[in-house]
Protein chains: 2
Amino acid sequence: MTESSRGRPTMKDVAAVAGVALKTVSRVVNGEPGVNPATAERVASAIERLGYRRNESARVLRRGRTASIGLVIEDLADPFYSGFSRAVEDVALRHGSLLVSGSSGEDPRRERELALAFCSRGVDGLIIVPAGTDHDYLRPELGAGVAAVFADRPGGLDTDTVLCDNAGGARAGVAHLIRHGHRRVAFVGDSAPIFTSGERLRGYRRALGEAGLPFDASLVATGPARQAGPALVRMLSGDDPPTAVFTGNGRITVAALRTGHRPALVGFDDFELADLLDPGVTVVAQDPVRLGGTAAELLFRRLSGDHGPPERIELPTRLIPRGSGELPP
Amino acid sequence: MTESSRGRPTMKDVAAVAGVALKTVSRVVNGEPGVNPATAERVASAIERLGYRRNESARVLRRGRTASIGLVIEDLADPFYSGFSRAVEDVALRHGSLLVSGSSGEDPRRERELALAFCSRGVDGLIIVPAGTDHDYLRPELGAGVAAVFADRPGGLDTDTVLCDNAGGARAGVAHLIRHGHRRVAFVGDSAPIFTSGERLRGYRRALGEAGLPFDASLVATGPARQAGPALVRMLSGDDPPTAVFTGNGRITVAALRTGHRPALVGFDDFELADLLDPGVTVVAQDPVRLGGTAAELLFRRLSGDHGPPERIELPTRLIPRGSGELPP
DNA sequence: CTGAAAGCGCTAACAC
DNA sequence: GTGTTAGCGCTTTCAG
């Protein structure tokens, strides 16, 4: 062994073996110009022989940038977010960055912990699906040069944000049901304080209003997905039950399907096999891959020096009729 | 501003503000014992005032450990791996570690790149779902003290490995079809060189053998998931078609369902909504969450100093009859 | 084209 | 209890 005792070889070890100065090794490792090809060759073979690999931690300490970005989402196991994350990963890869990620589980404290832990590790930028609304904790980090993009929901800071058209999508979905003759349309959605849930509820009310239908609070149920099924069953077995249901996200749509009841149904979010059920499930689809990709592109644009004013991008949704939304009352 | 020019405040800055030595700040930040409560309080308030946060890169450079682990999977967007990843994340969180992850896309070169990039960043350990079979590239890293666990498939190195009982599961699934009267059972699976695919095919053959049925190569199709549908259709429309199909993974099961044909079917891997289709899809379920959790626990056990011989754990599968596997020939 | 020296922010080892 | 010193492995000056 040539290197100093146990542990990985360092540039110093490589330099010793190649018979050059440490700085020359650095030049070769980083592909800097201005090294004699013969020297470079000697260094390269020393690197090979020693199995040398650059220590990123040391490099980061010196340079300040890590070529990594942090991602905070709600739950990696949710298909929506896993597609989203994969898109972010792909963009990161294309920009030579690694991805550090964590799930907040809709807990603002955990979101904060994760984001700050990522910053401590010197990520160059953050993509955050906000669990909370207060993001003052990020101020010092942004001041220190970390870029941040909010995705899926707006955060409590004026930075780049990528959303999808929640209200418009919900409005289109509910209007679709009304167009098919329904006058009592229920809304079963996520917990009310969640931004996307509120927006979708807003779209629901708007569609009702535009059709001249009254808003009936007894037709609205919001809460965690696991309560959605029972809530829907209660509604359907009450007096003057709804003939159609709009579900506020993919998990709730599935919960609704599991109740065994089959009212006319349009759900927010597309999901695998929606087309194979009987009837096929009509959905308002958003595109998690595009959402993630857009957020990541925005982030890397900032990282490469764009200092324009914060952008707010809203992606469109798409209504996909498959049968359940076209059932008559 | 008290701290040196722009950029984040350092321990030095905190020390200056608190009127103590740098080392005292270090003690407080790391919760080391032996600091006068009053002093600690002064330091704490200086930290608060300055918005100080410990620089992990510097800490890592000094200590050698990062409190982070690396995860290489096939595709984060695949529900199987997203459940798996989430389980790893949860265990990592419990051990105070962050997760750096990347998708190999079944490309051994990319697997290697990711794993080595993680090592360069000083991850304490790796969990790898091998895309390739040669893992010599990891030898220097293991030598330098990085722990590694292979999951879902064995790697080319004698380290801890967590698999599921692929052959046994497939055998049980195929036997189930045979028990329901089928004598011509097709196998549609993933590309042959993939470990899990080979094992499942082995289980298929074994079940045939045990039932005294001949192996007929024309009833076997292996390849990427997108070719599975057409291959199945070809089989079903040939002379003497199969009356039942065993599909080798979740994606292929879905592809089979999309063909519109409805032979008796048992699929490897459970998937959401399998029970809501008509008929419900009988599956051999493995548990990605348990697989990921087990791999992570194994890794952290090594990281906390267990030097026992490499373990190889095989998790059981579970046959879930739902209708499609009980159809008569 | 190549090298020597300084120092990134922190922790480990040892004083006081 | 607290402070001083050295140095982790690298990049950044600045000199040859």
Side-chain angles (χ1 to χ4, degrees), chain A residues 2-44 46-47 50-67 119-122 124 144-145, chain B residues 2-44 46-47 50-67 119-122 124 144-145:
Chain A
T2 318
E3 67 266 32
S4 42
S5 71
R6 348 188 332 75
R8 284 199 179 70
T10 73
M11 278 192 180
K12 200 172 150 198
D13 299 316
V14 175
V17 170
V20 296
L22 189 153
K23 174 67 214 181
T24 301
V25 178
S26 172
R27 287 202 178 90
V28 172
V29 168
N30 295 298
E32 284 169 36
V35 178
N36 185 310
T39 317
E41 180 46 49
R42 264 205 343 276
V43 171
I47 286 175
L50 260 41
Y52 168 78
R53 188 154 312 113
R54 181 173 67 195
N55 178 326
E56 267 337 283
S57 302
R59 173 170 223 239
V60 164
L61 180 57
R62 210 42 248 247
R63 311 206 350 165
R65 294 226 142 173
T66 42
C119 289
S120 282
R121 273 153 214 256
D124 303 330
Chain B
T2 318
E3 67 266 33
S4 43
S5 70
R6 354 192 322 80
R8 283 198 179 69
T10 73
M11 278 193 180
K12 201 171 149 196
D13 299 316
V14 174
V17 169
V20 296
L22 191 151
K23 176 67 215 182
T24 301
V25 178
S26 172
R27 287 201 178 92
V28 173
V29 168
N30 294 299
E32 284 169 34
V35 178
N36 185 310
T39 318
E41 181 45 49
R42 260 198 356 270
V43 171
I47 286 175
L50 260 41
Y52 169 78
R53 188 154 309 113
R54 181 173 66 195
N55 180 324
E56 277 319 298
S57 304
R59 172 168 223 242
V60 164
L61 181 57
R62 209 42 247 244
R63 309 201 6 171
R65 294 227 141 171
T66 42
C119 290
S120 281
R121 273 152 216 255
D124 304 329

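Labels below follow one simple rule: chain letters A, B, ... track the order of the sequence lines, proteins then strands, and each chain is numbered from 1.
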- [ ] Measure across B/Asp13 and B/Thr10 and return the closest heavy-atom pair with its distance rounded to 0.1 Å.
- [x] OD2-N, 2.7 Å

Task: Sugar-phosphate or base contact per nucleotide [nucleotides 11-16 of chain C; S, B, -; heavy atom under 4.0 Å] - done: BBB---

Open item on the list: Here's a test of your reading of the structure: between B/Gly19 and B/Leu61, which maps to the more 5' nucleotide of DNA chain D?
Closed with: B/Gly19

- [ ] Among residues two or more places apart or on two chains, list those pairs meeting salt bridge (Lys or Arg N to Asp or Glu O under 4.0 Å) that have a residue in residues 58-67 of chain A.
- [x] none

- [ ] Send over the distance from B/Glu56 CD to D/dC8 C1', rounded to a whole Å.
- [x] 15 Å

TODO: Using the test salt bridge (Lys or Arg N to Asp or Glu O under 4.0 Å), find all partners of B/Arg42 that sit at least two apart in sequence or belong to another chain.
DONE: none

Task: Between P of D/dG9 and NZ of A/Lys12, the distance in whole Å - done: 9 Å

Open item on the list: Looking at B/Thr66, is its backbone amide N or carbonyl O close enough to the side chain of A/Arg121 to form a donor-acceptor pair, meaning the two atoms are under 3.5 Å apart?
Closed with: yes

Task: Listed partners of A/Lys12 passing salt bridge (Lys or Arg N to Asp or Glu O under 4.0 Å), at least two apart - done: none

Open item on the list: Let me test you: for the helix from C/dC1-D/dG16 to C/dC16-D/dG1, what is the angle between the axes at its two ends (five pairs each), rounded to 10 degrees?
Closed with: 30°

Task: Whole-Å distance separating the CZ atom of B/Arg8 from the C1' atom of C/dC8 - done: 14 Å

Open item on the list: Checking the side chain of B/Asn30 only, and the main-chain atoms of B/Glu32 only, is there a donor and an acceptor separated by less than 3.5 Å?
Closed with: no

Task: Stepwise side chain to side chain contact (heavy atoms under 4.5 Å, CB included) check, A/Tyr52 with A/Met11 - done: CA-CA 8 Å; A/Tyr52 168 78; A/Met11 278 192 180; 3.2 Å; yes

Task: Heavy-atom closest pair, residues B/Leu50 and B/Pro9 - done: O-CG, 3.4 Å

Task: Closest non-hydrogen atom pair between B/Val60 and A/Ser57, with its separation - done: CG1-OG, 3.2 Å

TODO: Could you check whether B/Val20 gets within reach of a base, just the sugar-phosphate, or nothing at all, counting any heavy atom under 4.0 Å?
DONE: sugar-phosphate

Task: Nucleic acid contacts of residues 34-42 of chain A, taken as heavy-atom distances under 4.0 Å to DNA chain C - done: A/Gly34, A/Val35, A/Asn36, A/Thr39

Task: Exercise: identify the closest heavy-atom pair between B/Val29 and B/Ile47 - done: CG2-CD1, 3.8 Å

Open item on the list: If I compare all heavy atoms of B/Ala18 with all of B/Val43, which pair ends up nearest, and what's the gap?
Closed with: CB-CA, 4.0 Å

TODO: May I ask you to evaluate whether B/Thr24 reaches the phosphate of D/dT2, defined as a side-chain N or O under 4.0 Å from OP1 or OP2?
DONE: no

